[in-house]
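Report on the structure given below.
What you are looking at is a predicted structure, and each value in this text was computed from that prediction instead of being measured.
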Amino acid sequence: MVRCAVLGSPIAHSLSPAMHRAAYAELGLDWRYDAFEVAEDELRGFLSTLGDDVRGLSLTMPLKRVALELADTVDPVAELIGAANTMLFEPDGSRSVHNTDVPGLVSAFAERGITGADTAVVLGGGATAASTLAALRGGLKVSEVTLVVRDTAKAERLLDLAAALDLKTSVTDFQQVEQIGGFDLCISTLPGGAVDPWAEHFAQVAPVVFDVAYHPWPTQLAIVAHRIGTELLNGLDLLVHQATLQVEMMTGRSPAPLAAMRAAAREELDDREPQ
């Protein structure tokens, strides 16, 4: 039996098993997909235990950066942003790593008919913000971004990435939010609840808001955006689209069953809600 899995720490919250198993069922594949708790310093040892029945791994935090060091080949997007979320085991025994977060974000926008924009504001300065910058520039051809972070001194890595992308970028903090507005897109990469104090403001700074949180849902940002009629995307949109790309890469079958994977993820989330 061919096996795939998701690795990370913590891992119990992952929706990847539900999505990938739904895809296998829809595609008629008798494959297995598991979840393993693996810390950053454990990844090398874990990989050494795998047999040749393993085809691919989904990688979540904190493994996205260290995976680059343990691969024989790194795709250009993963190399550019310094993070990979997918590892494939090639027929020749080599390992390749890839980033499906970036094209997944582009696909999530495209599903809503959004294929281009000029300006965006991105909330947060972590790994998801890095993927967002690459998606905005490479996929949607955004030319100008404002980064809103808690500590502007920690935005240097993102500014280096923006320079490599030829993306005009300015940085500000949340103390200056009242001066921020007039964008085509607003993307919050912060955990659910972190934007609550400024939800009323950021729900109105652009006609489209993408809040990458998905549990608990809705966030205050989502509630306000829905109330005032702002176009709203959430983290489940990103999660499902990046997972469909993983399924296609791991199985060689395309297109992956997006609707079945989304339904499985939503059902899993519903099951986790307190009764």
Side-chain angles (χ1 to χ4, degrees), residues 1-24 27 29-107 126-128 130-132 134-135 138 161 212 235 238-258 261 264-265:
M1 177 182 290
V2 179
R3 297 168 56 217
C4 297
V6 59
L7 315 180
S9 183
I11 201 62
H13 70 287
S14 177
L15 296 178
S16 291
M19 292 188 293
H20 283 253
R21 291 168 187 167
Y24 299 162
L27 295 170
L29 296 173
D30 186 23
W31 285 28
R32 178 171 169 173
Y33 191 97
D34 298 302
F36 295 98
E37 185 90 12
V38 179
E40 188 173 5
D41 60 356
E42 298 171 331
L43 181 57
R44 185 183 297 274
F46 181 89
L47 294 177
S48 71
T49 68
L50 299 179
D52 57 13
D53 56 341
V54 176
R55 172 59 183 143
L57 300 172
S58 307
L59 304 170
T60 186
M61 297 304 290
L63 306 178
K64 292 187 176 186
R65 186 173 296 276
V66 69
L68 304 182
E69 305 167 10
L70 302 175
D72 298 293
T73 58
V74 180
D75 85 19
V77 175
E79 185 170 15
L80 177 66
I81 67 171
N85 72 334
T86 309
M87 179 176 285
L88 301 181
F89 297 84
E90 306 295 347
D92 64 3
S94 65
R95 303 170 189 154
S96 63
V97 291
H98 310 262
N99 186 299
T100 66
D101 287 329
V102 173
L105 189 66
V106 176
S107 295
T128 304
S131 294
T132 299
L161 173 60
V212 303
L238 170 58
L239 203 64
V240 171
H241 277 282
Q242 65 82 24
T244 62
L245 294 170
Q246 288 184 334
V247 167
E248 291 169 4
M249 294 168 70
M250 293 177 185
T251 67
R253 304 278 288 273
S254 183
L258 176 68
M261 294 172 69

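- Using a 4.5 Å heavy-atom threshold, the side chains of D53 and M1 count as separate.
- When all heavy atoms are compared, the tightest approach of A35 to I11 is CB-CG1, 4.1 Å.
- Between the D34 side chain and the A5 main chain, no donor and acceptor come within less than 3.5 Å of each other.
- Side-chain atoms of S131 never come within 3.5 Å of backbone atoms of T128 as a donor-acceptor pair (strictly under, hydrogens ignored).
- Minimum heavy-atom separation, P257 to A23: CG-CA, 3.6 Å.
- Heavy-atom minimum distance, N99 versus A83: ND2-O, 3.0 Å.
- Put simply, CG on L245 and CG on N85 are 9.0 Å apart, with the number rounded to the nearest 0.5 Å.
- Atom OG in S48 sits 10.5 Å away from atom CG in L70 (nearest 0.5 Å).
- In this structure the side chain of S96 never reaches within 4.5 angstrom of the side chain of D75, judged on heavy atoms.
- Two residues are said to be in side-chain contact when any heavy atoms from C-beta on lie closer than 4.5 Å; L57 and M250 fail this criterion.
- For S58, the side chain to side chain donor-acceptor pair (under 3.5 Å) partners are Y33, Q246, not counting sequence neighbours.
- No more than 12 heavy atoms of other residues, nucleotides or ligands shown are found within 6.0 angstrom of CD on E79.
- Contact of the D101 side chain with the L105 side chain is not registered, since no non-hydrogen atoms from C-beta on lie closer than 4.5 Å.
- Minimum heavy-atom separation, L47 to F89: CD2-CZ, 4.1 Å.
- In this structure, the side chain of S94 does not engage the main chain of E90 through any donor-acceptor pair within 3.5 Å.
- Minimum interatomic distance between A134 and I81 (heavy atoms only, all atoms of both residues): CB-CG2, 3.8 Å.
- At a threshold of 4.5 Å between non-hydrogen side-chain atoms, the residues L239 and M19 count as touching.
- Across all non-hydrogen atoms, the minimal contact from A264 to A18 is CB-O, 3.5 Å.
- L27 contributes atom CG, which lies 11.5 Å from atom NE2 of H20 (distance to the nearest 0.5 angstrom).
- Atom SG of residue C4 and atom CE of residue M249 lie 11.5 Å apart, to the nearest 0.5 angstrom.
- Between E37 atom CD and S14 atom OG the span is 11.0 Å, to the nearest 0.5 Å.
- Residues V247 and R253 form no side-chain contact, since every pair of their non-hydrogen atoms from C-beta on lies 4.5 Å or further apart.
- Remark: E248 engages no residue in a side chain to side chain donor-acceptor pair (under 3.5 Å) (not counting sequence neighbours).
- For E40, the side chain to side chain donor-acceptor pair (under 3.5 Å) test picks out no residue, with sequence neighbours left out.
- Considering CZ of R44 and OG1 of T49, their distance stands at 13.5 Å, rounded to 0.5 Å.
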* **Pair T100-H98, side-chain hydrogen bond (donor to acceptor under 3.5 Å, both in side chains): steps then yes or no** => CA-CA 6 Å; T100 66; H98 310 262; over 6 Å; no
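- Checked by atom type and distance alone, the side chain of R95 never pairs as donor or acceptor with a backbone atom of M87 at under 3.5 Å.
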